[in-house]
Amino acid sequence: MTFRPLHDRVLVRRVTAEEKTAGGIIIPDTAKEKPQEGEVISVGSGTLNDKGELRALDVKAGDRILFGKWSGTEVKLNGEELLIMKESDIMGILA
């Protein structure tokens, strides 16, 4: 199955969370927070500006991004947990 988000929405895969701290302490599952970093899987076509012209999104498939803690909607596609969020929920692209 393929999935293409509509308009200004973006499909994101979270990066895996760290299992240890920098000091080597193992983090138990109950104390782990969901990462706020992800990889863009696919993007919508964009939004219409005031003139009715299509404005493409600033992110593209393959970009690593940072997003807000409560951003997006969790969905399960092909057995994988992904996020669908609006481009405005993305804080920035990691270089």
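- With sequence neighbours left out, the side chain to side chain donor-acceptor pair (under 3.5 Å) criterion links D63 to K60.
- In the hydrophobic clustering, where aliphatic and aromatic side chains (Ile, Leu, Val, Met, Phe, Trp, Tyr) are joined below 4.5 Å either directly or transitively, L54 groups with L48.
- With rounding to the nearest 0.5 angstrom, the CD1 atom of I41 is 10.5 Å from the CG atom of L83.
- The salt bridge (Lys or Arg N to Asp or Glu O under 4.0 Å) test applied to R64 returns E37, not counting sequence neighbours.
- In this view, N49 and K51, E53 satisfy the side chain to side chain contact (heavy atoms under 4.5 Å, CB included) rule, not counting sequence neighbours.
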Side-chain donor-acceptor distances from residues 87-95 under 3.5 Å, at least two apart:
residue	atom	partner	partner atom	Å
E87	OE1	R55	NH2	3.1
E87	OE2	D58	N	2.6

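- Of the candidates E74, E39, E80, E74 is the only one forming a salt bridge (charged side-chain N to carboxylate O under 4.0 Å, His left out) with R14.
- Taking I84 as the reference, F3, R9, L11, V75 meet the side chain to side chain contact (heavy atoms under 4.5 Å, CB included) condition, with sequence neighbours excluded.
- The distance from atom CD of Q36 to atom CG of L66, rounded to the nearest 0.5 Å, is 8.0 Å.
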